[in-house]
Each structure stands twice: as C-alpha cells, then as structure tokens.
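Notes follow once the structure below has been shown.
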There are 2 protein chains.
Amino acid sequence: MTQPSHVPASTQGQDFPDGSSGRERLLIAASREFSEVGFSAASIATIALKAGVGKSTVFHHFASKDELYLAVINQAAQEFGQQLDAVLSVSQDPLQTLENFQARHLEHIERNAEIARLVLRELLEPGSERAVSLVRDVLSANFSRLSGFIAEAADRGLIRKDVEPASAALLMLSANVLFFQARQVLAHLPGFELADKPADWTGCVADIVFHGIEQS
Amino acid sequence: MTQPSHVPASTQGQDFPDGSSGRERLLIAASREFSEVGFSAASIATIALKAGVGKSTVFHHFASKDELYLAVINQAAQEFGQQLDAVLSVSQDPLQTLENFQARHLEHIERNAEIARLVLRELLEPGSERAVSLVRDVLSANFSRLSGFIAEAADRGLIRKDVEPASAALLMLSANVLFFQARQVLAHLPGFELADKPADWTGCVADIVFHGIEQS
DNA sequence: GTCTATAATTCGATAGAC
DNA sequence: GTCTATCGAATTATAGAC
C-alpha cells in the first residue's frame, strides 16, 4: 500500500525541477525554510515534508541539521564560484577584472538575497560556532580566489606589494555587503547618488580600490 | 510615604552619574535596555523602572518610544561628532586625516558596540521606517562631515574630481562596519592577518582609499 | 527541580538499481 | 548480492511550563 520508496510521496504544493532527486529537493526545501524562518526555528520535519520525503531521509543525505545548513549555503557559494572562475580566467587588465568581479558578486548576493541575509544574520550572532564553519569551510574558497588574483597581479608587478591582497579583497567585499544590507536607506545619505545604481557602485568601488593598490 | 516626586525613587541597582537628571538617566537606561533586548522587545515600563522615574515621565521627555530610541542613538552619534570635528579640524595631509578618521570611527563603534549592533539590526530589517529616520535624522550629519572633507580636498586639487566624495566615504564606512560585524570570523579568512589588529586595518583601508582617489 | 512537549537523531527494515 | 534511497518507529536532547 505504501508508495514505492524511491518516489516522492507528496511535495506539499511546492514546485521542484522535474526528475529532481530527494537530495536536490531537500536542498531546495531547506533553502526556502532556512531563509524564511532562520536556522533554529526551521524544523527538519517541515523541510522533509515540503521536500516530500521522510524525516529520516534527511539524515541519510546529511549527517545533521548543521550539515544540511552548510550544504545549502555551500551550493550558492559553488554557483558563485563557477562565475568567479569565468571572470578571473579572462585575461584582461586587472581593473577590468576587478570591476567584473565586483559586479558579479553583488548580482549574486542580490539574486540569492534570502540566503545572503541568512548568512549575514549568522555572522552578526556573536560567538556563533556555525559562523566559523561557514567562513572556513564555505566562503573562504571564493575569497581565496579573489585575493589570489590580486596576489598574482602583484607578482606581475602590476600591484603594490606593500598591501595585503586579502585586505584589498575584504575591502571590496565589505562594500558589496553594506550596499546589500542597507540599500533601502543609503538613498537618504546626503550626496550619495548610487543607491539605485548597483552597477555604478560596484564600478566605483573597483576603481577606487584598484587605483589604491596599483603600482605607480 | 512616597518619595518626593522630583527625586528618583529607586534605580533598581543600576548606577547612574551623580546628579543626573531624569532625562539623562532615561537615556542611559533606555540605551541599556534597547541594546539588550532590541527595540520591539524593550518595554517603556521597564526602562522607566530602571531609570527610577514614573512611566509618564518618559512621555514627558520623549513623545514616543520611537523618539526615545532615536534620542539614544542620536546621543552616541553626537559624541562621535565631537571627535570627528577634532579630527577634521587639524590641518595635515589628507591621508593622515583619513587614517585618523577611520581609526576613531572604528573605536567609536566598538566602544558603543551594543548600540551599534542595535542600529545595524535595524538597517537589516527590510523596509524599516525607523531605519530611514535613523539615517536621515541621525547618521547623515556625521556622514556629511566626512564626505564634505573629501569634497573640500578635491576642491584644493588634492583629490580626483571624477569620484563622488560620498562614494569614497561610504566605502570607508563599509570597511569598518564589516570589520565590526564579522570580526570573530575574519580571522578564519585565509591570508587575512588583521582581524585582531583594528588599527592596522583602519590604516590599510584609509591608505587604499586615499591612494585610490588622490590626484595623480 | 520535575514534567512535558517538541524537535533532533538513530535504528532496522524494505525496495529497487546494478 | 551489494549498494543506495527510502521510510516508520524508537530513542535522546532540549526548552518551557509548572
């Protein structure tokens, strides 16, 4: 009388890609749930229900709730990693590359706004152990790609050697994070005209940072 | 049997400066309460109790809970405004001034960490009307001082004219905000060595931004 | 502090793919 | 037969009420 075990029972009116596996549906459902209610309020039972699988299936694919959470964010980070590789592999002048990076990065966090908010909420939490894994296991890979690019440009003599590549990278990221977090209110800062022009903002930041670190 | 009404009845074990007025004690108590539990969870009754005044006294000094909240943050902003004037009025090379500004600003938000966290929590809230008043009525004054300084340096021919002063100012602020928000986890970013060296971080940012916008 | 409800996690078994 | 995805039931941890 039971459904064949490899077929989803019911997916509670949520839509999922055709032919998606249980694991894929779980990642999607978890992403939605975590984004909507935050980590602690999210329940494994609800996620399993929405994904149309049994609760124990969750633990077959992910060792724990924490790991599921990391997997959700990791997926978004991987997607950005793809774009990042594309941006950094094109051989052009470093300013152009930094501009591209900055624009793609802001687009990415705005497209994944819910997850981005979730991550930021986590980082704000003082002393969060999850935040540490998040940075170390998930975000650091993409961060290294950017700072690695800057370091390489320094090796080629295009960039000052007395500035830590990681610091320059972090400065660029901070600009995007603030823009994303505070976009609605930035328009009320006197003299700031770019609140509704993300592309101009990313261009401006890349420009300042590049000229700030270029070899003169 | 009751205490004379113009003398604080009881201040619930909290300490306040000697001779402080009811209004002053209210600001202090409100600052603590808002910081601890956030805006919506804070209760006027509790704040009044802690300040040792009646609840109606609160509404004598502040028209609403919102206004009390803004007054709390405004006070911290005013204090920073004092320091800011001191930094900007010293006549020295702009790089030195920017470095000083950046260092004082980070010190200020770290000293007022609870309030800063409160403000940031507010800005994160999507579509918060309070966040708009906050930026327009409280934060914009100090922001204008910084961007005004940069604009002036541009007039003196020390700074590129093709960069909006407000954008450069915002970039500097974003660096401090991220550092403050994520300090605990930045140490786990590969290659970033300044997580426990705030002075080096502010110096580095000021340096990059200055060279990024200086007239070459 | 105990009691209880809720949520996280583990266990054992089944069904299908190769 | 082994391997993997699945489920239902049983077990533990946790948080709040009393």
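In the text below, chain A, chain B and the rest are named by the order of the sequence lines, each starting its count at 1. Owing to the predicted nature of the structure, the values given are computational and were not obtained by experimental measurement.
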Specify the separation, in whole Å, of atom CD of Glu24(A) and atom P of dT4(D).
17 Å
Rounded to whole Å, the NE2-C1' distance (His60(A) to dA5(D)) equals 5 Å
For residues 56-70 of chain B, which residue pairs pass the salt bridge (charged side-chain N to carboxylate O under 4.0 Å, His left out) check, not counting sequence neighbours?
Asp66(B)-Arg130(B)
Assign a letter to each nucleotide of nucleotides 5-11 of chain C from its 5' end: B, base within under 4.0 Å of a protein heavy atom; S, sugar-phosphate only; -, no contact.
---BBBB
Where the side chain of Ser31(A) meets the backbone of Leu27(A), is there a donor-acceptor pair that is under 3.5 Å apart?
no
Using modelled atom types only, decide if a donor and an acceptor are shared between the side chain of Ser89(A) and the backbone of Ala86(A) within a distance under 3.5 Å.
yes
Using only side-chain N and O atoms of His61(A), determine if any of them is under 4.0 Å from OP1 or OP2 of dT6(D).
yes
Answer whether the closest heavy-atom distance between the side chains of Phe179(B) and Val205(B) falls below 4.5 Å.
no
Can you find a pair of side-chain heavy atoms, one from Val37(A) and one from Thr46(A), that are under 4.5 Å apart?
no
